[in-house]
Amino acid sequence: MSNSTSRRVRTRYAPSPTGRQHVGGIRSALFAWLWARHNEGDFLLRIEDTDQTRFREDALQDLFESMAWLGLAYDEGPDGPDAPPNDFFQTQRGPRYQEVAEELVERGAAYYCFCSEARLAELRERQQARKQPTGYDGHCRDLSAETVAERLATFEAEGKRPVVRFKVPRDGSTTVPDAVRGEWTIENKQIEDMILLKSDGLPTYHLGHLVDDHDMRITHPMRGVEYVPTAPLHVMIHEALGWELPTYVHLPLVLNPTGEGKMSKRKQGLDEAAGEQMMRELHAERLIPDALFAYQERNANWGLLTMVHEFREAGFLPEAMLNYLALLGWSVGADKDIATVEEMIQLFDIHNIKKSPSAFDYNKLEYLNGWYIRQLPPKVLATKLLPYLEAAGLEVDHDKLLDVLPLVHERMKLLSEAPELLDFFLGEAPLPDPADLPGKKMDNAQTRQALQAAHQALANSAWTLEGIEATMRETATAQGLKAGQLFQPVRVAITGRKFAPGIFETVYHIGRERVLERLERAVGLLAA
RNA sequence: GGCCCCAUCGUCUAGCGGCCCAGGAUACCGCCCUCUCAAGGCGGAGACACGGGUUCGAGUCCCGUUGGGGCUACCA
């Protein structure tokens, strides 16, 4: 029955607008997108908004922004944040689901269920108390036609609607065509009579996604493993309807960096303080890399980064995100990890998706981000850095930025590091910590003397890289210091930081006037 | 609890019965480069969860154990 290979490949990403985009979800979107592109098929975006109680206003905007930022363009979809409601919103397709539900009832494959939520809750409680498996007991499964008609009338009079449940065959077994785990079979009796149509007239996931996937001619529904247990139900519904079966693609879970549990901001029930504690521990265990940790510390963002917008704000590049996400449950090749989007499209194959879950590795993501930053032409990088510099209150002269950017370019891991890497070039330098000023084996008095000597020498030096180098090396020799013993105090004095680019370039670009000012300031700090 | 699924270095993975005393990447350690930090180069340590089978031969197939995970809603 499953014969989707001959059809044009069509995949979709169908999130619920219940919150912002999570990396796990977007990984599904990426895989679906890659498979469509690989086959020169279509990729669609659909909004599964049938659960109106969980709807979140900011969700749609964030979804569109996330897709656009990552470059995951869809061939068919709701068309942007301001599009009028259309077929790509499930809430707009109520009648279609009702029609299919009724058809199933007519075919005897589904039935109306009049059980109250109270009865269901009671049933569940009783089952739990007796340590029996929970599940619907089939109370309304075999009601006579007369009884059904009667109750239907009663419900209607009361302005209520019954739910529709699928009548799972009591015997036999069902086989699921699954590209990741291969065909697998399960006994039908292990599936319960799930609700297809809710009493508000909207479908549950089981009916909604299935009708849409069919109507939209989706050949490969991709979704997380959490849908594996109900996949047989979906196959049975297809069979009852006589619809062609798609090939399911169940994607493995994305786990926390520790490998314990599903990826989430913090462990369940942990508050902000505990979140900070957790992050400090993860950093100490080197599960959170330095640049990212510094960013989270600066912003008091205490918890794992999990939302797409968080990664964007922290200064990750979309190409790094895509590359990294592709490595979660898949591989771009035996001897490499870096691949362009084009390469990924060419190489992607749903049959190579792993079955086992994978832990999210912030180290590797940060490494890839640094790698992609290094590939960026300086002008492009400069443009991407601007928002971060301006947010830090730095007035940026574009030419000046382009002058100094090469000095820090290859050291940058996150775009958000720009201010601390560049502020002493572009604006004021932070006040140095006096304890950082002395070079190796130097006391305060020696350091003062060295800085004063540097001040005097640089005041008269030719202002070229060669001139500055000659001046500084001569000064060191004259002071009886090793080069580094002079350079480090000068570095700290003029940048306010222990780490900075090469000293000659740094001196040169900061400019004579500001260098001299900052040297004086540092001498003052050591006065006491 | 019940049902289902998964299992290669700390992490992501290559491996689809002999090419593997297991390859790459990251993280870690050391050396080189060097004025600091990066980047880069070179090197090091580091894995087939365990126990049974099948086979001339198993990381690769089967069973069990252990461990991990998912589902168990008128949520998706």
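Just the heavy atoms: all of them, side chains too, but no hydrogens, waters or symmetry mates, feed the values below. Per chain, numbering begins at 1; letters A, B, ... match sequence-line order.
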Pair partner, B:U26 [Watson-Crick or wobble, under 3.5 Å]: B:G10
Sole candidate of A:V404, A:I494, A:T506 that passes side chain to side chain contact (heavy atoms under 4.5 Å, CB included) when paired with A:F424: A:T506
Touch class at under 4.0 angstrom, heavy-atom based, for A:T230 against every strand present: nothing
Nearest-nucleotide pick for A:K355, side chain only, options being B:U26, B:C6, B:C37: B:C6
Pair assignment for B:A49, Watson-Crick or G-U wobble, requiring both distances under 3.5 Å: B:U65
Candidate nucleotides B:A14, B:C75, B:G70, ranked by approach to the side chain of A:K354 - the nearest: B:A14
A:A359, nearest nucleotide to its side chain (from B:A76, B:G23, B:C12): B:C12
Sugar-phosphate, base or nothing in reach of A:L202, heavy atoms under 4.0 Å: nothing
Side chain of A:V163 - closest among B:C74, B:C5, B:A27: B:C74
Out of B:A73, B:G24, B:U36, whichever nucleotide has its closest atom nearest the side chain of A:Q488: B:U36
Closest to the A:T204 side chain, choosing from B:G2, B:G10, B:C75: B:C75
Side chain A:N256, main chain A:G259, donor-acceptor under 3.5 Å: no
RNA chain B: 5'-proximal contact among A:P257 and A:W184 (nearest heavy atom): A:W184
Watson-Crick/G-U partner (both atom distances under 3.5 Å) of B:C71: B:G2
Ring center gap for A:F360 and A:Y324 short of 6.0 angstrom: yes
Pairwise P distance, B:U11 and B:G69 [rounded to whole Å]: 14 Å
Between C1' of B:G24 and NZ of A:K364, the distance in whole Å: 8 Å
OP1 or OP2 of B:U26 under 4.0 Å from side-chain N/O of A:Y367: yes
Sugar-phosphate only, base, or nothing, as touched by A:S358 at under 4.0 Å among non-hydrogen atoms: sugar-phosphate
Length of the NE2-P vector between A:H250 and B:C71, whole Å: 12 Å
A:D193 side chain to A:R141 backbone, donor-acceptor under 3.5 Å: no
Rounded distance in Å between the C1' positions of B:A76 and B:G57: 49 Å
Nearest-Å distance once atom C1' is located in both B:G44 and B:U26: 16 Å
OP1 or OP2 of B:G24 under 4.0 Å from side-chain N/O of A:S331: no
Touch class at under 4.0 angstrom, heavy-atom based, for A:D361 against every strand present: base
Rounded distance (Å) that lies between atom C1' of B:C5 and atom CD1 of A:I186: 10 Å
Side-chain donor or acceptor of A:S358 paired with backbone N/O of A:V254 under 3.5 Å: no
ring-ring contact (aromatic ring centres under 6.0 Å, His included) between A:F31 and A:F348, worked out: CA-CA 8 Å; A:F31 280 26; A:F348 190 74; 5.3 Å; yes
Sugar-phosphate only, base, or nothing, as touched by A:K413 at under 4.0 Å among non-hydrogen atoms: sugar-phosphate
Closest to the A:N363 side chain, choosing from B:C35, B:U11, B:A27: B:A27
Sugar-phosphate, base or nothing in reach of A:P15, heavy atoms under 4.0 Å: nothing
Any donor-acceptor N/O pair under 3.5 Å between B:C28 base and A:R286 side chain: no
Side chain to side chain contact (heavy atoms under 4.5 Å, CB included) between A:N363 and A:L292, intermediate numbers included: CA-CA 9 Å; A:N363 280 306; A:L292 177 59; over 6 Å; no
Nearest-nucleotide 5' precedence on RNA chain B, A:Q132 against A:K440: A:Q132
Which nucleotide in B:G70, B:A39, B:C74 has an atom nearest any side-chain atom of A:E410: B:A39
Protein-nucleotide distance (A:L414, atom CG; B:C37, atom P), rounded to Å: 20 Å
Atom pair distance, as rounded to whole Å: CG in A:D337 and C1' in B:U11: 12 Å
Phosphate OP1/OP2 of B:C35 contacted by A:R473 side-chain N/O (<4.0 Å): yes
B:U60 versus B:A22 - spacing of their C1' atoms, nearest Å: 11 Å
Sugar-phosphate only, base, or nothing, as touched by A:G224 at under 4.0 Å among non-hydrogen atoms: nothing
Distance, P atom - from B:A49 to B:G67, rounded to whole angstrom: 16 Å
Separation of the P atoms in B:A45 and B:A38, to the nearest angstrom: 24 Å
Proximal nucleotide (of B:C37, B:G69, B:G24) relative to the A:L253 side chain: B:G69
Phosphate OP1/OP2 of B:C5 contacted by A:S356 side-chain N/O (<4.0 Å): no
A:Q52 CD - B:A73 P separation (whole Å): 22 Å
Separation between the C1' atoms of B:G15 and B:U34, rounded to whole Å: 41 Å
Aromatic contact, A:Y112 with A:F155 (centres under 6.0 Å): no
Touch class at under 4.0 angstrom, heavy-atom based, for A:R181 against every strand present: sugar-phosphate
Pair A:H214 + A:H238: ring centers closer than 6.0 Å: no
Short side-chain N/O contact from A:R374 to OP1 or OP2 of B:G40, under 4.0 Å: yes
Span that lies between the P atom of B:A7 and that of B:C61, in whole angstrom: 9 Å
Interatomic distance where CD1 belongs to A:I373 and P belongs to B:A39 [whole Å]: 12 Å
Nucleotide nearest A:Y227 when distance is taken to its side chain, options B:C12, B:G2, B:A76: B:A76
Euclidean distance, atom NE2 of residue A:H283 to atom P of B:A27 [Å, nearest integer]: 13 Å
Any A:K198 side-chain N or O less than 4.0 Å from OP1/OP2 of B:C75: yes
